[in-house]
Each structure stands twice: as C-alpha cells, then as structure tokens.
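Please read the structure below before turning to the comments.
A, B, ... follow the sequence lines: proteins, then strands. Residue 1 opens every chain. From a predicted model like this one, the values you see are computed outputs, not experimental measurements.
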Amino acid sequence: MRNLLGLFLVLAILVVIPSVDHVFAQADEPAKYIDRRVLIWNLFFKLMTVAFTVGAVVSGTLIWIVWRFRETHPQAKPTEYEKSDTWGGPA
Amino acid sequence: MGHHSNWPEWLYVGVIIALMVWVGAEAWNVERLVEHVPADAEVIIVTAQQWFWSFEHEDGTKEIGTLHVEAGKAYKFEIISKDVNHSFNIHDYVVLMDAVPGRVNTVWFAPDKAGEHDIQCREYCGLLHYNMRGKLIVEEPSR
Amino acid sequence: MTLELQKPRPIWQIMFSTHHTDIGLLYLILSIAFLFLGGVLALIIRAELFFPGPQIIADSMTFNRIFTVHGTTLIFLFILPSASAVGNYFVPIMIRYKDMAYPKLNAIAFWMIPPGGALVWLGFADFTWYATPPYSIISAPGPAADMWIFGLKILGISSVLGAINFIVTIMKCKHPDMSMGQIPLLAWSFLVSSMIIVVAIPTFAAALLMLLTDRLGVSGFFNPAMGGDPIAYQHLFWFTFHPEVYVLVIPAIGMMYEIIPRFSRKPIFSKSSGIFAFVLLAVVSFSSWAHHMYASGMSFTEKTVFMVGTLAAVPASGMHVFNFIATMWNGRIKFLTPMMWSIGGIALFFSAGAGGVANAAMPLDFTTHDTYWVVGHFHLFVMGTIAFGTIGFIYYMFPYVTGRMYNETMGKVHFILSFIGAILVFFTQHMLGLLGMPRRIFDYPEIPSWIIGNQIASVGAMIIGVSMVIFLYNLIYSSAKGKPADIHDPFGLGGTYYYPFEAKTPHHN
Ligand code: HEM
Ligand SMILES: [Cu+2]
Ligand SMILES: [Cu+2]
C-alpha cells in the first residue's frame, strides 16, 4: 500500500508541475503556420503515455489483488469480519 | 465504515484531479493554437450535400469531389450544407468540422507536402453516407 | 429471500401481478430477450463488415436500419429494463418494505415497454439512435421514423414512472429504523439514477414532440428551411443522454457494490465515499453534454466549458474503482461467476474512462469523433462495464429467483469468452477509429489496415455471440433442471446477509 501511494505521489509531481510550467511558458503567439497534425497527435501520444502508465498501475494492482487474496492462495486466511460474522451487516 | 482512515482515498482523488487539470490545460493550449486562423489563409467554400462534396476557391474555380490545393499555403474552409448534417473530414490532416444547414462552420489547415489524401463524410447522412468520399490533392507550390 | 419462481405458478398469475418480484421477473425476461434480439443485429453488422463490399445485407438502407435498431434496443430495451429488474427485486427488500410504493404504477411502467419496443422493431427506422435533424425531419423515411419517435416517447414515460416509483419507495417507504446512510449502496444507486432520469428525460421528451411536429410540417423548430436550428436539437438530446449514460452505469456499479464485498467476505471499504461518489456523479453528469458536439461549430469558450465539465466527472468514477480495489484488499475472494463478471467489468471500466478523457480533450476529439473510436469507447462502457456488471448480477440473483443453481462451469466459460471477445472487438475499434474509419458506414474502401481491424473485431463479436448462446442455454436449462440452491447461502460464502430476507414485515399498509 505504501509503495503504491508513493508511486502516485511521484506521478503527481512528475505530471502536475511540468504541465503548469508548460502552460505558462507558452503564452506567446504561434509561429506562421502551425501544423495541427503534429500538435494534436503529440498531445494524443502524451495522453496515452500517461493513460497507459496509470492503466498499468491500476490493472497491475487489480491483478495482484485477485492473485494474492483469492481464497485458494496458500496464505489466505479468513478476514477479521468473517470471524465475528459482521461482514454482511449494515456497512 | 468507521474504523479505518480514508486518507489514501483522498490522496488518490487528489492525483486524479491533478491528472485531469493537466489534461485540461494541455488540451486547452493545443486547441487555442489550432484554432488560430492565419490572416493570409485562402478561403475555400465547401458545400456538402447528399452525397458528395463540392468546393469553390477564392478565385471562383469550382471542383466536385476532388480538391486541389498547394503545399505551403494556409487554407480556411467555410463549410456549409445544402440538406442534412454532414461532417467534412480529412483524417490525414486531422481536419474535421460538421456541415450544418443554416450555418457556416470554419476550420483551417496548411498542407506541408505534395500528396493525395482521402476526404470523407463522418456524420451520418443517409443512404450513401458510407460512400460520400472525395480526394484532396496537394500540389507542389506554384511559386 | 425466496424470490417466487420456485413454486410454479401459471404464467398469467405473474403477468397480471403487481408484486415487485413478479414485475422484476417480467423485466428480467424482457430484457434478456431484447439482449439477444439486439445482439443478433450486432452480429449481422459485424458479419457485413468482415469484408469490404456488400455481402449479406442487400443495401445500405437496411444496414442503417439495423444499427439504429441495435443501439436503440440495447440501451432502452436491455440495459434500462435489466436494471429495473434488479431494482424491483432488491430495492423493496433492502429498504424493508413489502413492495414498491406504487405497485400498480410499477406494472403500468413495465407494460409500456412491450408496445414501445414493438414500435421500434416494427418500424425499423434508419436515423441512428439519436435521430438528428434535419435528416430525421426531411430525409428519414416514415412511418418507421414516426414509429420510432412514438416508441421512444412511450419508453421515456415508462422510465420516468419507474424512476418516480423508486424514489418514493426509497425515500418514503424505507423502514423507520433505517437511516439514509444504512440503505445499501445498490438501493442508493437506484435512488440516484432515478433522480437523474426525472431531471434529464423530460428534455428529450420535449425534443421528440418537436421533432414529430417538425416531421409533420406544422413546425420548424429544428428545420433550417423553416428558420429552425438543428443544433438546438443536439443540445436537448445530449442534455438528456449524457446524464442518461450515468443512469445506465450507476445501477451497474451498485450491483458490483453488492457482489464485490460479498465475494471478498469483507464489508465495503467506504460506504460513505460510495454514496458521495454516486451523488457527485449525478450532479456533474449534467455539466458535460456538449462534449458530443465539439465539431458542430461551437466557440472555443463553449468547448472549454464542456471539457472542464466532462473531466469533472472523472474523480467520482475513480472513487468507485478505488472502493472496489480497497474492498478486495485483504479479503478472501471466492471466484464464482458473479465475481468474475464484476472484476472484468472494473478492468474494462478503466479503459473506457481513459478513452472518454481522450474524447473530452477537445483537440483530440477531432481524431476520434464519429469514428470507430467512439464506438469502441462507449461499448467498453455499455458492454464491458454495464452489461458485464448486469450479467454478473443475473447469475448472482439466479438462485434466489429460481431456487436452483446455474451451472458454474458454463458461467465461467461464458465470462472468459465474453471478456476475450470484448477486448478483441472494442480495443480494435479504438484502433480503427485512429486509422480514420468513420462509424455508421455500410461499406469501406479496401484499406488493408481497415480490413484487418474489421476482421479482428468481427471475430471478437462472434466469440461474444457464442458465449451468449452458452448463457442462454445455462439460464434455460438450469432454471428447469439445475441443482436446488441453498437459499440461505447459495454461493457457500458463509456470513449473514445483511438484507433481512426473512423479515419482510410491512410496517404500514
Ligand atoms: C459512464 C459511462 C459512460 C457511458 C455509458 C458512455 C457512453 C457514451 C456514448 C453512448 C457515447 C457516444 C454517443 C454517440 O455518439 O452515439 C459517448 C461518447 C463520449 N463519451 Fe462517453 N460514456 C461514459 C462515460 C464517459 C466518461 C467518463 C467520459 C469522459 C471522461 C466520456 C466522454 C465521452 C465523450 C467526450 C464522448 C463524445 C465522443 C465523440 O462523439 O466524439 N464518457 N459516451
Ligand atoms: Cu454526408
Ligand atoms: Cu457524453
């Protein structure tokens, strides 16, 4: 859990600060003819890089969880709620 | 509920918000750049109708189905429709704008290399929508 | 919780009943029937697109009618009624009331659906599921188009009546000992989605009426030839149907909230954040409708506003994912069919949302809008998340409804095939969109990458088709011949179920 949160934090820092920077740095007018293909596809690939990274983290977590916490896992043990039979009660 | 603390969730929400702010800012910036039409762009009037495209250049020449432009120049399309909604699309140049009857929608681009590209209709417009296609021919600069 | 069917009764006793479980059963059967009808249309579409050139469908008009009815059917006649089925079964039980608040209204709302569906199917209109003018006014052939308009009108009223019933049932009929916070999340999901329906649908209802009078030539609201504005229709339409996508997804998330804790043998990680995210989604769902119209000629400012409004919905969706993951963490997860469908649904939910973010980032929409990317995006939601959640829940409620157990192996095979199929179809459709293939086309030029993409997608669709045949067989065979289920713990999970199915004591009449 700790590591994961650390990763999120790093991601946030890596992503937020450069972008704020970027937006303020680019306030000047565009050059003669900008190439919309380049601008738009670059944005697309940047977004996909982030999306796939986050996607890898999310699906990796999901896969790890279903792997580790399946009831057939050697280390599986009853949850604390099972012992007291409170897990089905009004949450 | 209750006995565990929720700070991991709020941190996670914070990360999502940060990511969305980043996406929004980047998108806003790029959109601002691509919407800025150069003052010297040549106007081409694009008329959509079921189920073909026609074009009228600034000098009055008209073309149907095939559009000729020159590399290195900027063009501004003024897109109109004679019947139903269509959408003018040159996918290779990421040009997309709906043709809506009663409106003039504009989009611009500056082709950089000679070549041939597909023009297609991307808004459903009936029977031959699938075949409402044209060609964009980018020619070497004449000057 | 014995949900009827086990004691065989003549069919008319169920049909003319106003009891919530009987109506739930009717909703369930109707929605499954339309799932298969709509699914067959999808397979026809995919078969036609396997090769360029016309093969099995004679002309493009027929093709256009098929995808129009496909979309209309699966949204209005499968997803919405299947959610109502679940709501009818579970909401009264969860809030501890003997029935829905207005049982007769409940029956009326249900019985409006067959005529509405019949109008859509007998007409077989061609103007796509959003009936955009001026095409729908000046070009779409009647009487199909008019029948669709009337059909949707009826289905819309049915939706609103059902929603009013859910709201009143939950707010007014819940057991006096129960606070709002004690209402299970599944019931909350119905409360929230019903509120969206009540606010959103009337706009479309009005637009439909205007469309009809425009078609009759007595008005020109959306007809530019008569001074009207076709864009106005798009605003009205999406004002209803962007929120409507949350109407579709919120109950499916509610169903996952029921299944995931149960099969993880843990309570939900944070119920309050689940409720919060539901309510937040409902509110922000109204701030993003024009993200469907970036290419219609809106100003930069308008586009920016709707982009921000769209992105604002993402944190709330993300909170649900967090809740699911955190609930499974440290659990002891039993992988039976309902749980597999729920987890599969969560996995696809992420990709669907990421694609949505790309659509929302305004310049990117010019690469994706009205291409197959959009088809892939919303199918990851409607099929990958919503139908997955719902199908999982159908397996989950199967023993309660029939008193028998479905066949577990077949259920798992169904899931695995559908999951593989969904990835093949919908991810490939994203790629096709990036390659520029427009949606809603009967035929396409012989571009090699388009051909391969379409063939992969068609194979995926056939795999889903096969899995659904297994599903149907499992449902029919097991409801007649399946092993009798242990009603108190059909999935062998242990623990006490929190909704008190023995104590269905009405507290007033
Ligand atoms: C919650 C479940 C969702 C469902 C059921 C859903 C469904 C849909 C549907 C049906 C369409 C296409 C409508 C059409 O053109 O026929 C669509 C398009 C779109 N969706 Fe979603 N969506 C969902 C969530 C999201 C999210 C979370 C986002 C963004 C964060 C999003 C962004 C978009 C955008 C921007 C479009 C327009 C794409 C275009 O036409 O260019 N959607 N969605
Ligand atoms: Cu067209
Ligand atoms: Cu939307």
Heavy-atom side-chain proximity of C:Met319 to B:Trp10 below 4.5 angstrom: yes
Taking every non-hydrogen atom, the tightest pair across C:Asp365 and B:Arg122: O-NH2, 4.2 Å
C:Asp126 vs B:Tyr124, side chain to side chain donor-acceptor pair (under 3.5 Å): CA-CA, chis, key distance, verdict: CA-CA 10 Å; C:Asp126 79 304; B:Tyr124 178 72; 3.1 Å; yes
Contact winner vs chain B - C:Leu434, C:Asn223, C:Leu364, heavy-atom pairs under 4.5 Å: C:Leu434
Nearest non-hydrogen partners of B:Pro101 and C:Pro134, listed with the distance: CG-CG, 3.3 Å
B:Asn105 side chain vs C:Ser296 backbone, donor-acceptor pair below 3.5 Å: yes
Within-4.5 Å side-chain heavy-atom neighbours: B:Glu31 and C:Phe366: yes
Spatial distance of atom CG (B:Leu128) from atom CG (C:Asp59) [nearest 0.5 Å]: 10.0 Å
Options C:Phe442, C:Phe63, C:Phe127, ranked by heavy-atom pairs under 4.5 Å with chain B, top entry: C:Phe442
Portion of C:Thr367 that has a non-hydrogen atom of chain B nearer than 4.5 angstrom: both
Shortest non-hydrogen contact between B:His129 and C:Arg440, atoms and distance: CD2-O, 3.2 Å
Option that, when pairs with chain B are counted at under 4.5 Å, heavy atom only, ranks first among C:Met437, C:Met61, C:Met307: C:Met307
Parallel, tilted or perpendicular: ring planes of B:Tyr12 versus C:Phe322, cut at 30 and 60 degrees: tilted
Closest-packed option against chain C by number of heavy-atom pairs under 4.5 Å, given B:Glu9, B:Met20, B:Glu123: B:Glu9
Side-chain heavy-atom pair B:His91, C:Leu435 within 4.5 angstrom cut-off: no
Region of C:Pro315 in contact with chain B, defined by heavy-atom distances below 4.5 Å: both
For the student: nearest non-hydrogen atoms of C:Gly318 and B:Ile16, plus distance: CA-CD1, 3.9 Å
Nearest atoms (heavy-atom pairs only) where C:Gly297 meets B:Met97: N-SD, 3.9 Å
Other residues, nucleotides, ligands: >12 heavy atoms within 6.0 Å of C:Met431 CE: no
Point-to-point distance, once rounded to the nearest 0.5 Å, from CG of B:Asp118 to CD1 of C:Ile447: 5.5 Å
Closest non-hydrogen atom pair, C:Pro133 against B:Asn85: O-ND2, 3.4 Å
Chain B interface, residue from C:Ala295, C:Pro438, C:Ala312 that has the most non-hydrogen pairs under 4.5 Å: C:Ala295
Side chain to side chain, B:Val30 and C:Met362, heavy atoms closer than 4.5 Å: no
Contact leader toward chain B among C:Pro363, C:Pro445, C:Ser273, C:Ala140, where contacts are heavy-atom pairs under 4.5 Å: C:Pro363
Residue selection (most heavy-atom pairs with chain C, distance under 4.5 Å) from B:Leu127, B:Val13, B:Val94: B:Leu127
Proximal component of C:Phe67, with respect to chain B [non-hydrogen, under 4.5 Å]: side chain
CG on C:Asp370 to CG on B:Leu96, rounded to 0.5 Å: 7.5 Å
Value rounded to 0.5 Å, distance of CG in B:Asp98 from NE2 in C:His369: 5.0 Å
Side-chain heavy-atom pair B:Gln120, C:Tyr444 within 4.5 angstrom cut-off: no
